[in-house]
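Each remark here refers to the structure printed beneath this line.
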Number of protein chains: 2
Amino acid sequence: MASFGKYIKTEREKKGWSQTEFGALIKINTPAISRIENDKKRLSVAKLELLAELFKTDYIQLKDRYFADKFAKEAYEYKCSEKVHALAETQSSYIREINSKQGKMKF
Amino acid sequence: MASFGKYIKTEREKKGWSQTEFGALIKINTPAISRIENDKKRLSVAKLELLAELFKTDYIQLKDRYFADKFAKEAYEYKCSEKVHALAETQSSYIREINSKQGKMKF
DNA sequence: GTATTTTTGCTATAATTGGGTAAAATTAAA
DNA sequence: TTTAATTTTACCCAATTATAGCAAAAATAC
């Protein structure tokens, strides 16, 4: 699976939009689009909903893809072991569990 | 598996250190230790190596634990699906693959 | 060779973060 | 219960990180 940036590039091209046209739709200027597509900069999370609409794709899946890419890059940057995502999975289950029992999150 | 903050608290107590004593060793003041143990703030990544020494534990494993906690919290905060970490795993493999083929990372 | 599209450099500003001080609250000990 | 030690809260700040924009260079298409 390609990076999130490459995914955006591919989908944008499928739609036949230039970076400038696409940028106008999602309200980001052309240089920023370029940097996003080349994974030099990250699309802000706030734009994901609009992005899903523009690409006519499922928002939740898009968000998962976005964060998966983010986590993978961070894990790579900090030289985490291959086990880190499995551990994160365990940790997520734990968080879900304690938050279904008691009410709130405290972090 | 408990949060990273609770892990620190547990290990600190095993050593019989007060937050202040532990803080002196790791060079962070007492209130900050409290916030870290209660998952209100995050220990800076730069302290992980020293932390591993103090706790006499493996640095790589500690780092994995730290990032697993970070990823899990972020996934929870943004309401990612349970699939996100598995996706991240796939993404990590992809990054490792392209970086063993070509030389550098560009992100 | 010109026009369109994409990328790079640089800059300004907003947001986040890790940690600091002082003081309040809690817990333990006398 | 008073005092002493420990932990937590409220508020603040410096430094990094992110966002976003313009101008101009580079690349691609026509």
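Each chain gets a letter, A, B and so on, in the order its sequence line appears, and its residues count up from 1. What's counted below: heavy atoms across the whole structure, side chains too, no hydrogens, waters or symmetry copies.
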Establish whether B/Met1 and B/Leu48 are linked, either directly or via other cluster members, by ILVMFWY side-chain heavy-atom contacts under 4.5 Å. no

Which residues pass the side-chain contact (heavy atoms from CB on, under 4.5 Å) test with B/Thr90, sequence neighbours left out? none

Contacts of A/Glu21 that satisfy side-chain contact (heavy atoms from CB on, under 4.5 Å) - sequence neighbours left out: A/Trp17, A/Ser18

With sequence neighbours excluded, what pairs up with A/Lys47 under the side-chain contact (heavy atoms from CB on, under 4.5 Å) test? A/Ile26, A/Lys27, A/Ile28, A/Leu43, A/Ser44

Looking at residues 16-34 of chain A, who's got a heavy atom less than 4.0 Å off DNA chain C? A/Ser18, A/Gln19, A/Thr30, A/Pro31, A/Ser34

By ring pair (Phe, Tyr, Trp, His ring centres under 6.0 Å), B/Phe4 pairs with (sequence neighbours left out) B/Tyr7, B/Tyr66

What's B/Arg35 touching, base or sugar-phosphate or nothing? Going by heavy atoms closer than 4.0 Å. base

Nearest heavy-atom contact between A/Asp39 and A/Ser3 is OD2-OG, 2.7 Å

Would one find more than 12 heavy atoms of other residues, nucleotides or ligands at under 6.0 Å from atom NZ of B/Lys83? no

Angle between terminal axes - the helix from C/dG1-D/dC30 to C/dA30-D/dT1, 5 pairs each end, rounded to 10°: 40°

Only counting residues at least two apart or in another chain, list the ones meeting side-chain hydrogen bond (donor to acceptor under 3.5 Å, both in side chains) with B/Thr57. none

Hits for side-chain hydrogen bond (donor to acceptor under 3.5 Å, both in side chains) against A/Thr20, two or more places apart or cross-chain, chain-then-number order -> A/Thr30

Among residues at least two apart in sequence or on other chains, which ones pass side-chain contact (heavy atoms from CB on, under 4.5 Å) with B/Ala2? A/Tyr94, B/Lys6

With a 4.0 Å cut-off (strictly under) to non-hydrogen atoms of chain B, the first and last hit nts on DNA chain C, 5' to 3', are C/dG18 to C/dA22

For A/Lys9, what residues pass the side-chain hydrogen bond (donor to acceptor under 3.5 Å, both in side chains) criterion, not counting sequence neighbours? none

Hey, are A/Lys73 and A/Asp69 close enough for a salt bridge, meaning a charged N less than 4.0 Å from a carboxylate O? yes

Please find the earliest and latest nucleotides of DNA chain D, in the 5' to 3' direction, that have an atom within less than 4.0 Å of any heavy atom of chain A. D/dT19 to D/dA23

